[in-house]
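Please read the structure below before turning to the comments.
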4 protein chains.
Amino acid sequence: MSRYVGVAGASQPEPPLLDQAELLGRRLAEAGAIVVCGGGPGVMEAVCRGAQSAGGTTVGLLPGLDRAEGNPYLTISVPTGLGQGRNLLLVRSSDAVVAVGGGFGTLSEIALALRTGTPVIGLATWSLQLGSHQVDAFPVAETPSAAAQLALEAAGAHGIGFRHRPRGG
Amino acid sequence: MSRYVGVAGASQPEPPLLDQAELLGRRLAEAGAIVVCGGGPGVMEAVCRGAQSAGGTTVGLLPGLDRAEGNPYLTISVPTGLGQGRNLLLVRSSDAVVAVGGGFGTLSEIALALRTGTPVIGLATWSLQLGSHQVDAFPVAETPSAAAQLALEAAGAHGIGFRHRPRGG
Amino acid sequence: MSRYVGVAGASQPEPPLLDQAELLGRRLAEAGAIVVCGGGPGVMEAVCRGAQSAGGTTVGLLPGLDRAEGNPYLTISVPTGLGQGRNLLLVRSSDAVVAVGGGFGTLSEIALALRTGTPVIGLATWSLQLGSHQVDAFPVAETPSAAAQLALEAAGAHGIGFRHRPRGG
Amino acid sequence: MSRYVGVAGASQPEPPLLDQAELLGRRLAEAGAIVVCGGGPGVMEAVCRGAQSAGGTTVGLLPGLDRAEGNPYLTISVPTGLGQGRNLLLVRSSDAVVAVGGGFGTLSEIALALRTGTPVIGLATWSLQLGSHQVDAFPVAETPSAAAQLALEAAGAHGIGFRHRPRGG
């Protein structure tokens, strides 16, 4: 069965993230993973372009009802009409999620993945503090290749021990 | 029209949060606000107990399909069957959200509110960093009474200027 | 625990249905039931007006994101942003559903209730045929009072034998 | 851009429907359409088997959270965790829907498609009456090949005139 790796990232990221997202998509596709994302522009488009450049398959879970809003690098588009509700669908349909950059939608996907026990890998993304304590809730990769590697391992191991324990509420 | 204030918080919080949540619920109800929450135990139950002690109205958006899983202090229960998808419903049905404590579900509600432009007030909850920068994305209250006050102001002003600008992705 | 009765009906029904819906709402409220509906105009508004005229509580599950789109007779409004996805929420949050009139949204609520085992009562609504066979999938009431009576009985018995068996697919 | 054709049908249909569904899937794939379904057994599995036998692409929108519950003929599986809420996703992600057989879930997909203006083609499925009037709300095909043909035409024309007008409520 194929591994599905979700990539969360903003539609208007800082430009350096686009190259990183494209390389991430390529690495995931080279390893045979299906890439799931929100189907939009920015990080989402870059990761799909990278995946398709390596012959990979991409799935876009669009927030709206119009398929034409998907980026041009989607193998499959799903207009959900759920708005940010598609963020939870992304988490549910991924065996692991890579969070790229600093959007609030991306933060919601990190949180929903942590809440539901889906492995998360960070790449130039949020870190969390509670009071004065740093909370290292998920592994952070320094490069797109490392992020892909960690995500693929987590996706392969999904359900057999890697998963973080959900944390109530 | 009534103001709806959502309260996000964990089912198994650290015990001191329960007293804070109860006082928060009381203050919100005293001001005539309808309290919306996830309808479960822990912070959710405490805030409902507080609201009902002041004669207030409480709404619980349950993750499952069984109304009996709601806490005993709900005026209205809505079994959504959406799992953590009810977190987005909570945000959408609230004019402002108070985030209490450190659960990952609570973090998802903070993120979804920030993403969709619903005002958020923090109370003993997460803070966010991007790289080495602290990101002060929402006001933080020191006490339940202050959190209620800030949330009520934000809920009243909702749509007329208070809203944070959504941040892509 | 209160009984929740959902009422499904169109925003632009044939006018005689409005009086029937209003009487239905009144009867449900007189019996102490909470009325759940889509929160809009037409049948939804009429049933809420009837329920509030008897001192009842009404809940509107709005398709959009704007609370102001709810009708004026809602005790509680929940802007879901789910579009027709709120139809399933209506079914899930009701112990029994009364289907009034001939909209396609109403038909979807009949079907989702039958699929998920929630009791349905018909009032001047669709009937179903498969091939040349009439399928009597739910009881039909001749009057609003009779519909209320059947729905209240079904809601009270919900889970203890009344439920139709779900039918696959 | 590819055409997406949804196929609604039960997990436990009458056996003759399975052959019809398989042929329907084959015809859709031969025409280059992507087949979207609920991803389960019965009609859903048969249509996917048919589509894959012609080299086609299939997408399964699963009701639960476990990808392993999908049938073996899915190119892409999306575990939605939405229960019957995936029925609306199927409608939203399809340019036209073929309804096969007599399940209540299938009826909900017919109704949601009619409500939201997505073309529906019937194949051995429900017909509708309002009072004593037959309501011919969608075209009915006599054979799987004819259903495929009608659906492909409707999917191609989607948005340029074919769509039924939505009917309130």
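When reading the values below, keep in mind they use all heavy atoms of this one structure, side chains included, and skip hydrogens, waters and symmetry mates.
- Residue Ile110(D) does not touch chain C at all, counting heavy-atom pairs closer than 4.5 Å.
- Atom-to-atom distance recorded for Trp126(C):CH2 and Trp126(D):CH2 is 14.0 Å, nearest 0.5 angstrom.
- If you tally non-hydrogen atom pairs under 4.5 Å between each of Val43(C), Val91(C), Leu128(C) and chain D, the highest count goes to Leu128(C).
- Contacts between Leu82(C) and chain D at a heavy-atom distance below 4.5 Å involve the backbone alone (N, CA, C, O).
- Closest non-hydrogen pair, Ser127(D) versus Gly131(C), comes out as OG-O, 4.4 Å.
- Of the listed residues (Ser108(D), Pro13(D), Gly42(D)), the greatest number of heavy-atom pairs within a distance under 4.5 Å of chain C belongs to Ser108(D).
- A distance of 8.5 Å separates CG in Leu107(C) from CG in Leu112(D), rounded to the nearest 0.5 Å.
- Of all heavy-atom pairs spanning Gln129(C) and Gln134(D), the tightest one is OE1-OE1, 3.2 Å.
- Note that the CZ atom of Arg115(C) and the OG1 atom of Thr106(D) stand 8.5 Å from one another [nearest 0.5 Å].
- Counting all heavy atoms, side chain and backbone alike, Phe104(D) lies closest to Ala137(C) at CZ-CB, 3.7 Å.
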